[in-house]
Amino acid sequence: MNDSPTETPIVKVNLGLDVGTMNLVCARVNKASKIEIASLRNVFLTVDDVNIEGMDLSRISHARIDEGVFILSNDAYNFANIFGHRLNRTMQKGMISPEDINSTDILAVMIRELLHLPPGAKAGKCVYSVPGDPVHSKSNVLYHRNILSRIVSEIGFDAEPLNEATAIIYAECADSDFSGISISFGAGLTNVAVVYKSIPVLEFALNRGGDWIDDNVAMAVGTIPNRVVAIKEKDFHLDRYDSGRKKERKVREALGYYYKNLIQFVVKSAVQELERRDLDLGFPDSIPMIISGGTSLAGGFLDTIRAQVEEIEWPLDLSEVRYAGDPLSCVAQGCLIRALKQ
Ligand SMILES: Nc1ncnc2c1ncn2[C@@H]1O[C@H](COP(=O)(O)OP(=O)(O)OP(=O)(O)O)[C@@H](O)[C@H]1O
Ligand SMILES: [Mg+2]
């Protein structure tokens, strides 16, 4: 009779992590072999900001770093809306924010929470997203990539970066042999990639996104950006401005103008960039354009971008312009696919 205790095999967990200016998203394969998505808002508040010093924080996601206490992610978002306070970000324009000395430490706490391992599991590979180099501005992509690699490695994972827009092609373009052009309309940046048979041919970023819209609309109508975000994310449509009170209608109208300007800017800049690089993009087959990212979720967005794309001559042959299956998680899913491939 064998009376040795039954040993549970140690499971190695591979993950995909989308590190976004506004959202951190993790994709993993669960016990039922299904892809499971978890996300956190990449925002924080200092306790001084919301005046809850000395209160019981046990039910609130928070971190103590040096002398400071910080309320994190979704709790920070909710408190900011209640108190009408501006949220702090660990990232700006797709990269670690230089504005707060604690940005990196706070980001590390949130990533650790998101990448948690079940008991008995072992950290495997974690492929994390990085932006492309912005075309119209200087960037710190190298610093950002290295900080992320350190954070993910310190949790115990084997860390590997992957361009955010290229990840979308891995998640969405199995049918076209992993060829396509993807545009990720995020909060801090808009990322673009052209991938041919899973090889990235071109990757770049444009320094406008949802934050650019929110800041401009807030300035135009005299409110704070998170109030604009609340209206925008609830039920905004690019061509409908007539619901809500007068102030809300003004926000909706301004959102419409800035949204259309952003789409026009991205489409024009993408074509200019494809032409400027002087690559031979004459692929044998036409390729799909995949639209993704939270900013693309506004009502009427896909119709507007399709109309803009049709108006301009593209240096490559497009078969269709369509949404990613889930525009908020497809980057993390593409990162997961890459993590599982090796
Ligand atoms: N339903 C919605 N309608 C309009 N905008 C939305 C909606 N949901 C989210 N957004 C906006 O999408 C943006 C966040 O998108 P996403 O999560 O793709 O960005 P990110 O990955 O965090 O940023 P980045 O890729 O630029 O670093 C924010 O500006 C947010 O306000
Ligand atoms: Mg993103």
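Note that ligands are numbered from 1 as they come in the structure, with each ligand's atoms numbered from 1 the same way.
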Any ion pair linking Glu160 and Lys341 (charged N to carboxylate O, less than 4.0 Å)?
no
For atom 24 (P) of ligand 1, find the nearest protein heavy atom and state the residue, atom name and distance (0.1 Å precision).
Thr21 OG1, 3.5 Å
Identify every side-chain donor-acceptor pair in residues 248-255 under 3.5 Å, counting partners at least two apart or on other chains, and give the distances.
residue: Glu248; atom: OE2; partner: Arg252; partner atom: NE; Å: 3.3
residue: Glu248; atom: OE2; partner: Arg252; partner atom: NH2; Å: 2.7
residue: Arg249; atom: NH1; partner: Gly244; partner atom: O; Å: 3.0
residue: Arg252; atom: NE; partner: Ser243; partner atom: O; Å: 3.3
residue: Arg252; atom: NE; partner: Ser243; partner atom: OG; Å: 3.3
residue: Arg252; atom: NH1; partner: Asp235; partner atom: OD1; Å: 3.4
residue: Arg252; atom: NH2; partner: Asp235; partner atom: OD1; Å: 2.8
residue: Glu253; atom: OE2; partner: Tyr257; partner atom: OH; Å: 2.5

Looking at ligand 1, does Ala298 have a heavy atom less than 4.0 Å from it?
yes
How close does the nearest protein non-hydrogen atom get to atom 13 (C) of ligand 1, and which residue and atom is it?
Thr295 OG1, 3.7 Å
Quick check: are there more than 12 heavy atoms from other residues, nucleotides or ligands sitting under 6.0 Å from CD of Glu320?
yes
Report, in ascending order of atom number, the atoms of ligand 1 lying under 4.0 Å from any heavy atom of Gly210.
29 (O)
Within-4.5 Å side-chain heavy-atom neighbours: Asn102 and Asp66
yes
Is there a chain of hydrophobic side chains (I, L, V, M, F, W, Y, each step under 4.5 Å between heavy atoms) that links Val135 to Val201?
yes
Protein contact of atom 21 (O) of ligand 1 - nearest heavy atom, named by residue and atom, plus distance
Gly20 CA, 3.5 Å
Using a 3.5 Å cut-off on N or O atoms only, is Ala187 in polar contact with ligand 1?
yes
All heavy atoms of Leu117 vs all of Ala123, minimum pair found to be CD1-N, 3.7 Å
One thing to verify: whether Lys260 and Asp239 come together as a salt bridge, which I'm taking to mean a side-chain N less than 4.0 angstrom from a carboxylate O.
yes
Side-chain contact test, heavy atoms from C-beta onward, threshold under 4.5 Å: evaluate it for Leu302 versus Ser296 and give yes or no.
no
Which of the atoms of ligand 1 are close to Tyr259, meaning less than 4.0 Å from one of its heavy atoms?
4 (C), 5 (N)
Is Lys232 in polar range of ligand 1, meaning some N or O pair under 3.5 Å apart?
yes
Sub-4.5 Å side-chain heavy-atom contact between Cys126 and Leu115:
yes
For Gly188, atoms of ligand 1 separated by under 4.0 Å from a heavy atom
23 (O), 24 (P), 26 (O)
Numbering the atoms of ligand 1 from 1, which are under 4.0 Å from a heavy atom of Glu164?
25 (O)
Subset of ligand 1 atoms that lie under 4.0 Å from at least one heavy atom of Leu297
1 (N), 2 (C), 3 (N), 8 (N)
Among all protein non-hydrogen atoms, which one is nearest to atom 31 (O) of ligand 1, and what is the separation to 0.1 Å?
Glu233 OE2, 2.6 Å
Distance filter under 4.0 Å to Gly293 heavy atoms, resulting ligand 1 atoms
18 (O)
Proximal ligand 1 atoms for Gly94, defined as those under 4.0 Å from one of its heavy atoms
27 (O)
For atom 17 (O) of ligand 1, what's the nearest protein heavy-atom neighbour? Residue, atom name and distance, please.
Asn23 ND2, 2.8 Å
In terms of hydrophobic clustering (I, L, V, M, F, W, Y; side-chain heavy atoms under 4.5 Å; direct or indirect links), are Ile287 and Val309 co-clustered?
yes
Side-chain contact test, heavy atoms from C-beta onward, threshold under 4.5 Å: evaluate it for Thr295 versus Tyr259 and give yes or no.
yes
Do Tyr128 and Ile111 have side chains that approach each other closer than 4.5 Å (heavy atoms only, starting at C-beta)?
no
Check this for me - ligand 1, Ser184, N or O atoms closer than 3.5 angstrom, yes or no?
no
Nearest option to atom 6 (C) of ligand 1, as decided by whichever heavy atom of Ala332, Gly299, Gly294 sits closest:
Gly294
With a 4.0 Å cut-off, would you call Glu154 and Arg150 a salt bridge?
yes
Heavy atom of the protein closest to atom 28 (C) of ligand 1 (residue, atom name, distance)
Met22 SD, 3.4 Å
Which ligand 1 atoms are under 4.0 Å away from a heavy-atom of Leu189?
26 (O)
Check: Cys330 and Glu172 side chains under 4.5 Å, non-hydrogen atoms:
yes
Sort by chain and number the protein N/O/S atoms found under 2.8 Å from the Mg ion (ligand 2).
Glu164 OE2
Under the criterion side-chain contact (heavy atoms from CB on, under 4.5 Å), I'd like the reasoning laid out for Leu148 against Val130: C-alpha separation, chi angles, the key distance, then a yes or no.
CA-CA 9 Å; Leu148 259 299; Val130 286; 5.6 Å; no
